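Written below as C-alpha cells is the structure these notes are about.
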Amino acid sequence: MSVTESKPVPNFIRNIIQDDLKTNKNDGRVHTRFPPEPNGFLHIGHAKSICLNFGLAAEFGGTCNLRFDDTNPTKEEAAYVNSIKEDVRWLGFDWGEREFYASDYFEQLYEYAIQLIKAGKAYVDDLSAEEIRQYRGTLTEPGKESPHHNRSIEENLDLLDRMRTGEFSDGSKVLRAKIDMGSPNLNLRDPVIYRILHASHHRTGDKWCIYPMYDWAHGQSDSIEGITHSICTLEFEDHRPLYDWFLDQLGIFHPQQIEFARLNLSYTVMSKRIFNQLVKDGHVSGWDDPRMPTLAGLRRRGYTPKSIRNFCDLIGVAKRDSMVDVAMLEHSVREDLNKLAPRVMAVLRPLKLVIKNYPEGQVEKLVAINNPEDESAGTRTVPFSRVLYIEQDDFKEDPPKKFFRLAPGREVRLRYAYIIKCEEAVKDANGDVVELRCTYDPETKSGAVQSGRKVKGTIHWVSAAHAIDAEVRLYDRLFDKPKPAAEADFHECLNPNSLEQLTACKLEPSLADAQAGARYQFERLGYFCVDSKDSGQGKLVFNRTVPLRDAWAKIEKMQAQGK
RNA sequence: UGGGGCGUAGCCAAGCGGUAAGGCAUCGGGUUUUGAUCCCGUGAUCGCAGGUUCGAAUCCUGCCGCCCCAGCCA
C-alpha cells in the first residue's frame, strides 16, 4: 500500500478530537478554521496548517472556515487576500460560503469591549507605548499598575467612545484588559486590546480608527463562528490563558485552542522578512520565483497540489520543534509526477551525433511509450534520422569505471531506436569534442527480433532535423546551508548555482504545442513544466521541478572523492 | 536566577505500563530499452541519573539540553 492510500497517521490533535467526539463535546461538531493575515503570500508552512485544518474537518465530517485575520490595516492589503484565496483553492480546498474576516466582527468586538469595561475588567490607558513597556516589568520582575488602572467605568466608557469617534491621535490612548500586572505570563499583564490607528482598512475603509489586537480579535472570532478546535502554532501557547480569560469573562462559546509546531524545512527559509529581501535585492525574480517556498513559487516550479498535500501528511503533526529534510518534499513530487507525467525526450546540452551508415534523408517514426506507469497514456511516435543530438554527459572520451554510456568503440542503445557504436569523436581546434561519428545495427531496432541484444546503457536523443528549440531552467536549492536562518547573514549561504539557464536545448517535436503549466518527465533527467510566465509566443521555457534520482551521479561523486 | 513548551535512529514520526510502527535519507541486492520506477534487505532500548513495578519509552524524583514570551505585530 502506498503512502497515498494509507490510513492517516495518528497525531495528538486528531486524538483530542476523537476524545471530544467520544464524550460528545460540542454535540459532536468539528469546526476548524484557517486564519491567515492578508499581509503576504502563503508558503509551504501555511500549507501544513491548511492541510491540517481542512483535513481534520473533512475527516470528521465537519467544516473549515477561511478567515482573514485583518486587524492591522497598516500591513494588510486586498491583493493578499486574493492571492491567499487562489493558493488555498489551488491546494485543493474549498471553504464554500464560509469566507470570513475578523473585520466582519468589528462591531461585535466593540460591544464585547464595552461589556468588559462594564464588568470592571478593562480600562483606557493614557500611557505611551514606551511607558507601557516600562510598566510591564521584565521576565523576572513583575510589572506595576498604570496610574489609569482605576478609572471609573463611566469614564472608561466615555473615553472608549471618544477613541472610536476619532477624537484622539494615534498612540495617545489604548484600551487594556485589567488582569494582573504581576503575572509571570507577560500576556496577562494588562494586555492592550484596542489601539488607535487612523488608517484606512482594505474592507472597512475609514469607518474605524481603533482596531482590535490579535488577542482580542482571534478568540472572539473563533467563538462567533462556533469554531470547536482552534489550531495554531506553538508561539501562541503563552497566549492561551488570555484566549481563555477573554472568553470566560464574556461568557460566550468557548473553543479550544491547540498548538502545534510550525514547519521548518532544511535548506530553506520561511520568513516573510527574508522573502522580501530576496525579492527586493533581486536574488529571485519575485514571490513566485520557482526557487521560493511560497505556494506561488512551488506552483510555478511544477509542484502538484497533491504532492504538497501528501508531503503534509508525511511529515505529521507534533509539538516538538523539528527540521524536515527537504528531500521529503522532493520525494513527494517525484512520487506524484512519476504516476502522471508523460515521458518525453529532451537534450539539454546537445552533442551532434551522425550515424554514418544510416541512409541520408531517411526518417523513421518510432513508437515511444508515453508513461510506463499508466498504460492508458498510450504511445506516440518520434522521428529518427541520420543526424541526432545526444546529451554531452552521455559521452566520455576516457570513460571512468562503471560508465555505461558512449565512448570511443563503445555501444549503447538509443531509446526506442537502435544500438549504435561510437566510431569516432570529432574535435574542434580547442580539442573539444563537437561531433560523434557512429554506426548503427539495423537488426537491433526496438521491438525487432534481435532487439533483445543487451548493451549496458540506454540514452535519450532527439533528431536534429526535427528538434524544436527551448530554454530550460535548472533550479537548485536557494541556500547551500541546512539552516540558512541560523546563519549570521543569510546572504552568505545563498547558493550561487540555484539557477542555471540553458538556452540551446533540443526537444522532440511532440512538445511543440506544450501548454503553460504542463508537466513532463524528460527521460533520464527529471520532471519539468512549461513556465507559465515566460513561455509562449513561439518561445518555449521549461522549469525543472526536480531531477530524477540519479545513481550514476552518486557513483561519480564517490569516485571523485577518493575512489 | 520568572513563566510556558519540548526531548524516541541522520531527518520526520507512531507509541499512553507488557517488552520500540511507518516514511524520508543511507548502504547492499533483484527486475528494468529511463543508472528512473518497482521489489527485497539494512539501523534505535527511547536526553541522563535514580526510584516505583513481576515488567517502564510509557508512572515518580532530580538533573541536562533545546524552543517560545518583555509589539499600541499576528
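Just so we're clear, the structure is a prediction, and the values are computed from it rather than from any experiment.
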Dot-bracket notation for RNA chain B, counting Watson-Crick and G-U pairs under 3.5 Å, with | for partners on another strand: .(((((((.[[[..)..(...]]]..((((.......)))).....[[[[[..)....]]]]])))))).....
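- One can place CD of A:E330 at 11 Å from P of B:U26, the figure rounded to the nearest angstrom.
- Here A:K554 lies in heavy-atom contact (under 4.0 Å) with sugar-phosphate atoms only.
- Here B:G71 presents its P atom at 10 Å from CD of A:E130, a figure rounded to the nearest Å.
- Contact annotation for A:R133: backbone-only contact, meaning every heavy-atom pair under 4.0 Å involves sugar-phosphate atoms and none involves a base.
- Put simply, A:W552 rests on the base of B:G35: the two rings are less than 5.5 Å apart at their centres and nearly parallel, under 30°.
- The base of B:G3 lies close enough to the side chain of A:D238 for a donor and an acceptor atom to sit less than 3.5 Å apart.
- Backbone-only contact: A:N11 has heavy atoms under 4.0 Å from sugar-phosphate atoms and none from a base.
- On a pure distance criterion of 3.5 Å, no polar donor-acceptor pair joins the side chain of A:T140 and the base of B:U1.
- Across all strands, A:F236 comes closer than 4.0 Å to base atoms (heavy-atom distances).
- Checking the phosphate oxygens (OP1, OP2) of B:U34, no side-chain nitrogen or oxygen of A:H460 falls inside 4.0 Å.
- Nucleic acid contact class of A:Y194 (heavy atoms, under 4.0 Å, all strands): none.
- Phosphate proximity of B:A74 to A:T71: present, with a side-chain N or O under 4.0 Å from OP1 or OP2.
- A:R413 contributes a side-chain N or O that forms a donor-acceptor pair with the base of B:U33 under 3.5 Å.
- Backbone-only engagement by A:S322 is indicated by non-hydrogen atom pairs under 4.0 Å involving sugar-phosphate atoms exclusively.
- Between the CG atom of A:N338 and the C1' atom of B:C38 there is a distance of 9 Å, given to the nearest Å.
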